[in-house]
2 protein chains.
Amino acid sequence: MKGHTQRGQCAKRMSILDAAADVFCRQGFAGASIDEIAAVACVSRQTIYNHYREKETLFVAVVEDVMNRANAMLFSVLSSFPDSADSLEDGLTAFAVRLNKNCICNHDGKFLRKLVQTEGERYPHLFEGWRQQGPGKLTTALSALLARLAHKGALVIDDFDVAARQFVALANADLQMMTLFGGTPTDEELEKAARNAVRTFLKAYGRPVMEKDERQPQLAAIAG
Amino acid sequence: MKGHTQRGQCAKRMSILDAAADVFCRQGFAGASIDEIAAVACVSRQTIYNHYREKETLFVAVVEDVMNRANAMLFSVLSSFPDSADSLEDGLTAFAVRLNKNCICNHDGKFLRKLVQTEGERYPHLFEGWRQQGPGKLTTALSALLARLAHKGALVIDDFDVAARQFVALANADLQMMTLFGGTPTDEELEKAARNAVRTFLKAYGRPVMEKDERQPQLAAIAG
DNA sequence: GACGTTTTAGACAATGGCGCCTAGTTTACA
DNA sequence: TGTAAACTAGGCGCCATTGTCTAAAACGTC
């Protein structure tokens with residue numbers, strides 16, 4: 001009848017989804033109670049059962065909703081990857097900041113990582129999609145983007161997949177512990193973490209340039 | 001009376017702790033039932049209440065027990081860090097393998113990371129100790145060990161803390177997704193991941209050596 | 001073999017959550 | 001304004017779980 005099991009619908013649905021995400025994330029599936037979700041959503045308990053047959057149905061809907069948002073955000077962030085060799089360090093740093101801020105350290109990212117750990121064994125198929133569309137897509141897409149930069153001569157990479165995983169790992173190196181313990185990094189911390197990561201990444205994979213003021217010494221020598 | 005709230009005690013206690021760790025890890029605190037723990041431990045439910053006043057007491061004891069084991073293991077692995085500049089790549093790779101295998105990808109490591117995410121907000125003081133003795137101690141100790149290597153001239157590092165965090169991050173780069181989804185890496189995967197990590201780490205922080213077959217060209221030139 | 005301790009099995013009340021139902025109210029739309 | 005849908009409040013049965021209690025059995029030690 002109503003169709004659109006996906007989008008908007010009335011405001012109640014979104015309110016329920018948001019509240020359920022909040023409570024499920026804090027209490028886990030078993031620890032979350034429908035009554036608490038209803039209270040947080042400012043909605044009667046019956047209304048929840050009116051939209052979702054049972055607790056598990058609601059849980060699946062919540063996870064899928066968050067996954068959709070996270071996937072869209074990841075796509076958006078990936079499309080902002082720098083494709084020019086000019087000011088590569090700044091471009092990669094800005095990308096790393098966006099990646100951390102909008103995909104990994106944000107609300108949805110923490111939700112998914114937390115839930116996939118607690119309920120992953122119970123709902124393997126549910127999170128399998130995120131594994132492929134989320135972290136999996138991130139590394140494969142990033143691998144291709146790095147390959148493009150390497151092809152332009154801006155990077156020297158032997159294994160693009162490994163480099164992609166290492167870029168993500170380095171970008172999170174300074175924030176991992178904070179996010180593990182529930183904290184949220186400030187903008188300054190995000191910036192500093194990204195800069196540390198990109199500097200090390202470029203030391204390992206950057207084109208070997210001796211000094212900043214004399215770029216591409218080989219080409220300069222050949223030209224001269 | 002019995003003293004020793006820590007160690008051995010009768011075999012029942014250990015059996016209960018192991019079973020409780022297993023069930024708490026799979027089901028979370030709220031989802032775990034005393035009956036299931038008793039069944040896994042092959043022990044009567046009353047025996048559990050005989051040793052631990054209530055469910056929460058048992059949970060705290062389990063977490064402390066795992067934390068103690070993990071801390072001891074971390075200390076052991078840290079003491080195997082290479083202190084010689086000879087065959088540094090092999091030494092660091094072996095260290096990275098041990099770090100992943102015995103501290104991060106192992107049973108206790110996954111248990112603590114999982115539980116600190118699900119119950120960390122509910123028991124902040126409980127996991128605060130692990131935060132300092134576990135990941136915190138790892139990075140500070142590793143920072144000092146890297147500083148020692150840099151002082152010997154084997155590494156060129158400007159910020160030891162950042163380098164330590166990046167070493168850990170790189171060591172986990174290839175295994176992060178697998179461990180996140182509950183998998184356990186094989187020995188070959190551990191070896192390959194460590195080798196990838198150390199190669200990148202040394203490209204970024206290793207002493208700038210031109211070719212593998214001519215080591216320490218400066219010293220050779222001086223000697224010659 | 002006797003005695004104290006520990007463990008076991010099962011019953012027990014109390015609690016709380018799930019899912020359903022109903023009656024009454026609000027909202028949306030024609 | 002009238003009708004149908006959605007929503008609210010509350011009660012209800014059912015079930016799982018917690019924590020206690022008791023009597024019987026196993027254990028270990030002298």
Do any side-chain nitrogens or oxygens of K12(A) fall under 4.0 Å of OP1 or OP2 in dA5(D)? no
The criterion is side-chain hydrogen bond (donor to acceptor under 3.5 Å, both in side chains); which residues satisfy it with D187(A), sequence neighbours excluded? K101(A)
Please identify each residue that fulfils side-chain hydrogen bond (donor to acceptor under 3.5 Å, both in side chains) with E189(B), with sequence neighbours left out. T186(B)
Are the side chain of K55(A) and the backbone of A32(A) linked by a donor-acceptor contact shorter than 3.5 Å? yes
Looking at T47(B), I'd like to know whether one of its side-chain N or O atoms comes within less than 4.0 Å of OP1 or OP2 on dT8(C). yes
Testing the 3.5 Å rule here: is there a donor-acceptor pair between the side chains of Q166(B) and R199(A)? no
R13(A) CZ to dA28(C) P: how many Å, rounded? 17 Å
Rounding to an integer number of Å, can you tell me how far H51(A) NE2 sits from dA5(D) C1'? 11 Å
What does the list of N/O pairs under 3.5 Å between the protein and nucleotides 16-22 of chain D look like, with a distance for each?
| from | atom 1 | to | atom 2 | distance (Å) |
| --- | --- | --- | --- | --- |
| dT18(D) | OP1 | A32(B) | O | 3.2 |
| dT18(D) | OP1 | I34(B) | N | 3.1 |
| dT18(D) | OP1 | K55(B) | NZ | 3.3 |
| dT18(D) | OP2 | I34(B) | N | 3.2 |
| dG19(D) | OP2 | Y49(B) | OH | 3.2 |
| dG19(D) | OP2 | K55(B) | N | 3.2 |
| dG19(D) | O6 | R45(B) | NH2 | 3.3 |
| dC21(D) | N4 | Q46(B) | OE1 | 2.7 |

Compute the bend angle of the helix from dG1(C)-dC30(D) to dA30(C)-dT1(D) from the end axes (five pairs per end), rounded to 10°. 30°
With no hydrogens and no angle check, is any side-chain donor or acceptor of N106(B) less than 3.5 Å from a backbone partner on G109(B)? yes
Examine F59(A) together with Y123(A) and report whether their ring centres are nearer than 6.0 Å. yes
Residue pairs involving residues 105-118 of chain A (criterion salt bridge (Lys or Arg N to Asp or Glu O under 4.0 Å); sequence neighbours excluded): R69(A)-D108(A)
Mind checking what makes salt bridge (Lys or Arg N to Asp or Glu O under 4.0 Å) contact with R26(A), not counting sequence neighbours? D22(A), E36(A)
The side chain of N50(A) is closest to which nucleotide in this list: dA9(C), dT8(D), dC7(D)? dC7(D)
